[in-house]
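Here is the structure we will look at, set down as structure tokens.
Quick note: numbers below take in every heavy atom, side chains included, and nothing from hydrogens, waters or symmetry partners.
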Amino acid sequence: MTVERVPVGVLHVPLRAAVLDELRRSIISGRFQPGERLLEDQLAQELDVSRNPVREALQALALDGFVELEPRRGARVATISPKRAEELFEVRESLEGLVARLGATRRTDAQLAELQAIVATGSTAAGEGRLEELPDLNTRFHQSLSATAHNELLAEQLHRMRYLIEWVYSWRVRERSGRSWAEHADIVAAIAARDERAAFARACAHIANARAAYFDGAEAP
């Protein structure tokens with residue numbers, strides 16, 4: 001079934017934020033490919049907005065590493081360098097291992113139930129091949145996991161990287177979908193058991209496996 005897109009210009013949210021979210025989603029989903037030119041006029045017409053919010057959104061995306069702006073040539077979708085990707089996985093392994101260890105002792109019953117529900121939804125989506133749903137569900141899982149640590153500074157660090165993480169995840173989602181959600185379930189099981197060591201080890205292994213899949217794969221952003 002084809003879902004009709006609602007023009008950004010009629011959404012009841014701040015226009016710049018709506019345009020930014022739409023363009024970022026188009027990059028993460030692969031609709032806009034690395035290296036592809038992003039023309040302000042064309043995007044403005046497609047989104048039913050003026051050029052101003054498009055220009056502002058492209059500038060914001062450039063700051064976040066999704067877009068490259070070139071003088072007199074405009075914008076194009078960025079390419080994630082191997083070095084940038086390696087740095088991302090290094091930081092994630094350290095932070096998410098710590099999150100899982102803290103979460104094992106600090107999580108509430110409500111937070112545990114939320115994690116279990118997300119894992120159930122993600123596992124079902126992966127099993128049924130609904131891959132387009134998984135990047136967002138993966139983001140929801142890791143955000144909910146970070147909340148269990150009850151450490152605002154730690155959560156802020158991960159929150160700032162959430163869209164870059166989602167973009168990287170989306171490139172290996174087909175190959176990693178089932179295994180990734182099984183690993184999520186293992187992490188949650190350790191947190192449910194309040195097993196700090198197992199939660200830490202499983203979270204670190206999860207990121208290490210994601211790194212291996214990313215670099216063993218074909219072309220990535």
Side-chain angles (χ1 to χ4, degrees), residues 24 27-28 64-66 80-123 125-126 131 133-217 220-221:
R24 184 168 49 218
I27 293 172
I28 290 173
D64 290 341
F66 285 87
I80 300 178
S81 69
K83 182 176 184 296
R84 176 77 164 173
E86 180 64 43
E87 290 173 347
L88 177 65
F89 284 114
E90 287 176 349
V91 172
R92 284 193 68 198
E93 185 170 341
S94 297
L95 296 184
E96 303 227 25
L98 176 58
V99 159
R101 180 173 66 79
L102 295 175
T105 57
R106 297 179 181 180
R107 58 84 176 168
T108 65
D109 290 343
Q111 287 174 325
L112 176 61
E114 181 179 9
L115 284 171
Q116 291 170 332
I118 295 171
V119 168
T121 301
S123 298
L131 304 183
E133 299 177 20
L134 295 180
D136 181 63
L137 284 167
N138 184 69
T139 297
R140 285 176 53 197
F141 172 80
H142 285 284
Q143 286 182 318
S144 295
L145 182 62
S146 71
T148 67
H150 293 273
N151 184 310
E152 290 185 7
L153 185 58
L154 185 53
E156 286 170 6
Q157 299 302 316
L158 287 166
H159 186 72
R160 277 200 287 269
M161 297 187 294
R162 68 194 185 283
Y163 293 121
L164 182 58
I165 291 170
E166 189 171 330
W167 192 20
V168 168
Y169 173 88
S170 69
W171 278 84
R172 302 305 295 161
V173 65
R174 183 174 299 278
E175 294 80 359
R176 276 279 294 162
S177 59
R179 185 62 246 166
S180 178
W181 285 93
E183 291 167 6
H184 288 166
D186 289 342
I187 295 168
V188 173
I191 289 174
R194 299 195 182 276
D195 188 333
E196 294 179 75
R197 290 186 179 182
F200 176 82
R202 292 174 187 179
C204 289
H206 172 61
I207 303 304
N209 290 339
R211 177 196 176 280
Y214 181 86
F215 285 108
D216 288 346

| Trace of the salt bridge (Lys or Arg N to Asp or Glu O under 4.0 Å) decision for Arg179 with Asp186 | CA-CA 11 Å; Arg179 185 62 246 166; Asp186 289 342; 3.7 Å; yes

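Arg176 places none of its side-chain heavy atoms less than 4.5 Å from the side chain of Tyr169. Contact annotation: the side chain of Val188 approaches that of Leu112 to within less than 4.5 Å [non-hydrogen atoms, C-beta and beyond]. Using a 4.5 Å heavy-atom threshold, the side chains of Asp64 and Tyr163 count as separate. Between Gln157 and Val91, the closest side-chain pair of non-hydrogen atoms is not below 4.5 Å.
To the nearest 0.5 Å, the span separating CG on Asn138 from CD on Gln143 amounts to 10.0 Å. Of the inter-residue distances, the one linking Cys204 atom SG with Leu98 atom CG reads 9.5 Å to the nearest 0.5 angstrom. Leu164 contributes atom CG, which lies 5.0 Å from atom CG of Leu88 (distance to the nearest 0.5 angstrom). Note that CG of Asn209 and CZ of Arg202 are 13.0 Å apart. Values are rounded to the nearest 0.5 Å.
Scanning both residues, Ile80 and Ala85, for their nearest heavy atoms gives CG2-N, 3.9 Å. Contact detail for Gly97 and Ala203: the closest heavy-atom pair is CA-CB, 4.0 Å. Glu166 and Thr139 make their closest contact through OE1-OG1, 2.6 Å (heavy atoms, listed as atom of the first residue, atom of the second, distance). Between Gln111 and Ala147, the shortest heavy-atom contact is NE2-O, 3.2 Å. A pairwise comparison of heavy atoms in Pro135 and Leu131 identifies CD-O, 3.3 Å as the closest pair. Taking both residues in full, the closest heavy atoms of Ile191 and Gly103 are given as CG2-O, 3.8 Å, listed atom of the first, atom of the second, then distance.
By the neighbour-count criterion of 12 heavy atoms within 6.0 Å, atom CZ of Phe200 is sparsely surrounded, having that number or fewer from other residues, nucleotides or ligands. Within 6.0 Å of CZ on Arg84 lie no more than 12 heavy atoms contributed by other residues, nucleotides or ligands.
Sorted by first and then second residue, the salt bridge (Lys or Arg N to Asp or Glu O under 4.0 Å) pairs with a member in residues 103-117 read Arg107-Asp109; sequence neighbours excluded. Pairs engaging residues 175-199 under the ring pair (Phe, Tyr, Trp, His ring centres under 6.0 Å) rule: Phe141-His184, His142-His184, Trp181-His184, His184-His206 [sequence neighbours left out]. Residue pairs meeting the salt bridge (Lys or Arg N to Asp or Glu O under 4.0 Å) criterion with at least one partner in residues 145-162, sequence neighbours excluded, do not occur; the list is empty.
Counting only distance, with no hydrogens or angles, the side chain of Ser177 and the backbone of Ala126 share no donor-acceptor pair below 3.5 Å.
For the side chain to side chain contact (heavy atoms under 4.5 Å, CB included) with Glu96, the lone residue among Ile187, Leu145, Leu154 that qualifies is Leu145.
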